[in-house]
**Q** 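After the structure tokens below, expect a handful of questions from me.
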Amino acid sequence: MSGTHDIPDETHHGAAAPTDRTADAPHSADTPHSPHATDPADPPPPLSALLDAAAQAALPVLRAVRDDQLGRPTPCSEYDVRALLNHLFQVVVAFQTLAAKKDADFSHTPDRLGEYGAQWPDRFAEETARLVEAWAAPGAEDGLTGGMQLPARTVGAMVLLDLTVHAWDVARATGRPYAPAPGCVAELRALAARMAPTARTMNVFAAPVPVPPGASDLDVLLAETGRDPHWTAG
């Protein structure tokens with residue numbers, strides 16, 4: 001599995017939307033109604049608020065990563081912890097650019113952890129704050145953006161998916177607890193419903209994993225992206 005930024009990468013070059021190859025697969029339109037889902041009559045929450053909430057849920061997990069855990073495998077088979085964190089850095093920075101309706105470069109993943117050393121968690125927190133600010137700017141959610149000219153809110157939801165699902169990936173890889181931000185999973189299940197078929201066709205997401213009746217909203221989302229909600233590192 002790769003990350004949601006992979007979907008933006010493909011999107012930007014005329015393929016699909018950004019996200020992890022298996023971890024970020026959108027959920028099918030047949031997904032049962034979630035008791036936590038927003039009433040369709042209500043306006044959706046601003047993306048900036050959702051991104052801020054997702055970042056605040058993710059940061060404690062990321063800050064807890066130890067140097068001796070950077071080589072551990074993750075639920076994204078293509079990434080160990082270090083590579084996944086660098087991937088997430090790339091996504092968070094690139095989607096600031098996409099919020100401004102500018103082109104983003106996904107051709108190379110910089111080694112931010114190597115560049116920033118022990119300060120990488122603080123630098124990541126700074127970049128997520130910039131991401132929230134970028135999507136809070138007037139007009140950020142309006143119109144189209146990205147190489148495929150997708151609706152801007154859909155593109156913004158892709159980085160929300162990365163922040164949410166990859167935080168779970170890191171938590172699983174490092175043995176940390178993680179709870180997604182309230183409201184984010186409902187938004188992301190709607191995104192999955194729209195985008196999963198295309199994402200799978202592009203091999204951006206893996207095949208969905210079966211989940212038992214009564215599975216949590218998070219487990220359903222993870223399974224739709226091709227992740228095993230019960231994955232362990234060992």
**Q** How far apart are the closest heavy atoms of Val209 and Pro229, and which atoms are they?
**A** CG1-CD, 4.5 Å
**Q** Rounded to the nearest 0.5 Å, what's the gap from CG on Leu191 to CG on Leu221? Could you check?
**A** 9.0 Å
**Q** Do Pro151 and Leu144 have side-chain heavy atoms sitting under 4.5 Å apart?
**A** yes
**Q** When rounded to the nearest 0.5 angstrom, what is the spacing between OG1 in Thr74 and OH in Tyr79?
**A** 9.0 Å
**Q** What closest approach, in Å, do Ala57 and Pro180 show between heavy atoms, and which atom pair accounts for it?
**A** CB-C, 4.4 Å
**Q** How long is the span from the CG atom in Leu47 to the CG atom in Asp52, to the nearest 0.5 Å?
**A** 12.0 Å
**Q** So do the side chains of Leu160 and Cys184 get within less than 4.5 Å of each other, counting heavy atoms only?
**A** yes
**Q** For the residue pair Cys76 and His166, establish whether any side-chain heavy-atom pair is separated by less than 4.5 Å.
**A** yes
**Q** Under the side chain to side chain contact (heavy atoms under 4.5 Å, CB included) criterion, do Val65 and Val81 qualify, and how do the steps go?
**A** CA-CA 9 Å; Val65 175; Val81 171; 4.0 Å; yes
**Q** Quiz question: by atom type and distance under 3.5 Å, do the side chains of Glu127 and Gln96 form a donor-acceptor pair?
**A** yes
**Q** Spell out, as yes or no, whether a donor-acceptor pair under 3.5 Å connects the side chain of Thr128 to the backbone of Ala55.
**A** no
**Q** Using a 3.5 Å distance criterion without hydrogens, assess whether the side chain of Thr97 forms a donor-acceptor pair with backbone atoms of Asp103.
**A** no
**Q** Looking at Asp68 and Arg66, is there a salt bridge between them, counting it only when a charged N and a carboxylate O are closer than 4.0 Å?
**A** yes
**Q** Is the backbone of Trp231 close enough, under 3.5 Å, to the side chain of Arg172 for a donor and an acceptor to pair up by distance?
**A** yes
**Q** Do Tyr116 and Phe124 have ring centres separated by under 6.0 Å?
**A** no
**Q** Closest heavy-atom contact between Ala54 and Leu163?
**A** CB-CB, 4.2 Å
**Q** Are the side chain of Lys101 and the backbone N or O of Ala140 linked by a donor-acceptor pair below 3.5 Å?
**A** yes
**Q** More than 12 foreign heavy atoms under 6.0 Å from CD of Glu133: is that the case here?
**A** no
**Q** Give a yes or no on whether the backbone of Leu50 and the side-chain of Glu187 come within a donor-acceptor separation of less than 3.5 Å.
**A** no
**Q** Considering non-hydrogen atoms only, spot the tightest contact between Ala152 and Thr145 and give its length.
**A** CA-CG2, 3.9 Å
**Q** Less than 4.5 Å apart, side chain to side chain, heavy atoms only: is that true for Leu62 and Leu85?
**A** yes
**Q** I want to check something: taking the side chain as every heavy atom from C-beta on, are Pro75 and Trp168 in contact at a cut-off of under 4.5 Å?
**A** yes
**Q** Can you confirm whether Leu59 sits close enough to Pro121 that some side-chain heavy atom of one is under 4.5 Å from a side-chain heavy atom of the other?
**A** no
**Q** Indicate, with yes or no, if Val93 and Leu51 share a hydrophobic cluster defined by side-chain heavy-atom contacts under 4.5 Å among Ile, Leu, Val, Met, Phe, Trp and Tyr.
**A** no
**Q** Using modelled atom types and a 3.5 Å cut-off, is there a donor and acceptor pairing between side-chain atoms of Gln90 and backbone atoms of Pro110?
**A** no
**Q** Strictly below 4.0 Å, N to O, side chains only: are Asp142 and Arg153 in salt-bridge contact?
**A** no
**Q** How long is the gap from OG1 on Thr154 to CD on Glu141, to the nearest 0.5 Å?
**A** 10.0 Å
**Q** Measure from the side-chain N and O atoms of Arg130 to the backbone N and O of Val92, and report whether any donor-acceptor pair falls under 3.5 Å.
**A** no
**Q** Can you tell me how far the CD atom of Gln119 sits from the CD atom of Glu126, to the nearest 0.5 Å?
**A** 9.0 Å
**Q** Roughly how far apart are Thr164 OG1 and Leu218 CG, rounded to 0.5 Å?
**A** 8.5 Å
**Q** What is the minimum heavy-atom distance between Ala173 and Pro73, and which atoms define it?
**A** CB-O, 3.3 Å
**Q** Checking the side chain of Thr174 only, and the main-chain atoms of Val170 only, is there a donor and an acceptor separated by less than 3.5 Å?
**A** yes
**Q** Where the side chain of Tyr178 meets the backbone of Val165, is there a donor-acceptor pair that is under 3.5 Å apart?
**A** no
**Q** Without swapping roles, check the side chain of Asn86 against the backbone of Leu113 for a donor-acceptor pair under 3.5 Å.
**A** yes
